[in-house]
Each structure stands twice: as structure tokens, then as C-alpha cells.
Amino acid sequence: MSVAVVGPSSFITCFELIGAEGFEAGTGEAVGGTLGHLVEEGRFHLIIVPERFAEETRPVRERIMYR
């Protein structure tokens, strides 16, 4: 299973140690943009983001649910 992690470096480092691919993004806008790009790319089965960015990622998550 391919796993991506999006967020600040302190968050993604832990997941990279167990084999996930990390994408550093420090703001809500950056996390939302990166998440959208990764979803469109379609190469990851699981994408993890910090809970504190739940509101900024809502549009992308809603698009996925409607599919």
C-alpha cells in the first residue's frame, strides 16, 4: 500500500520512518493544495493529514466522498 503524509516536517517525519512518502506543507492552504494534487495524481492508497487542517481540506474530502 502506498501512503502519503502531508503536513509540517515534525508531523511527516514520524511517518517517513515507517515508509510513508512525506510532503511538507506548513499552512492550511498549502496542505489543501497538496492534498488536492495528490488525490488527482491517484498514486496513493492512503493520504494522512493533521487533524488541525480538517477545515482547509474539507473541499477535497467532500469531492472524494461524492465520487
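Nothing here was measured: the structure is a model prediction, and the numbers come from that model.
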I'd like to check the side-chain hydrogen bond (donor to acceptor under 3.5 Å, both in side chains) partners of Thr13; sequence neighbours left out, ordered by chain and number.
none
Over all atoms of both residues, closest heavy-atom pair of Cys14 and Ser10:
SG-O, 4.2 Å
When you measure from the side chain of Thr34 to the backbone of Phe23, do you find a donor-acceptor pair of N or O atoms at a distance under 3.5 Å?
no
Taking the side chain as C-beta and beyond, is there a heavy-atom pair between Phe15 and Glu21 under 4.5 Å?
no
Under 6.0 Å from the CD atom of Glu29, do we count more than 12 heavy atoms belonging to anything else shown?
no
How long is the gap from CD on Glu24 to CZ on Phe11, to the nearest 0.5 Å?
12.5 Å
Quick one: do Leu38 and Phe53 end up in the same hydrophobic cluster if we chain Ile, Leu, Val, Met, Phe, Trp and Tyr together by side-chain heavy atoms under 4.5 Å apart?
yes
Do Arg63 and Arg58 make a side-chain contact, defined as non-hydrogen atoms from C-beta onward lying under 4.5 Å apart?
no
Cluster link Ile47 to Val3, ILVMFWY, side chain under 4.5 Å:
no
Could you state whether Ile64 and Val5 fall into the same hydrophobic cluster, counting links through intermediate Ile, Leu, Val, Met, Phe, Trp or Tyr residues with side-chain heavy atoms under 4.5 angstrom apart?
no
So which atom in Ser2 and which in Arg43 form the shortest heavy-atom distance, rounded to 0.1 Å?
OG-O, 2.8 Å
Test item: Ile48 and Val6 side chains (from C-beta on) under 4.5 Å apart, heavy atoms
no
Do you know which two heavy atoms are closest between Pro8 and Arg52, and how far apart they sit?
CG-NH2, 2.8 Å
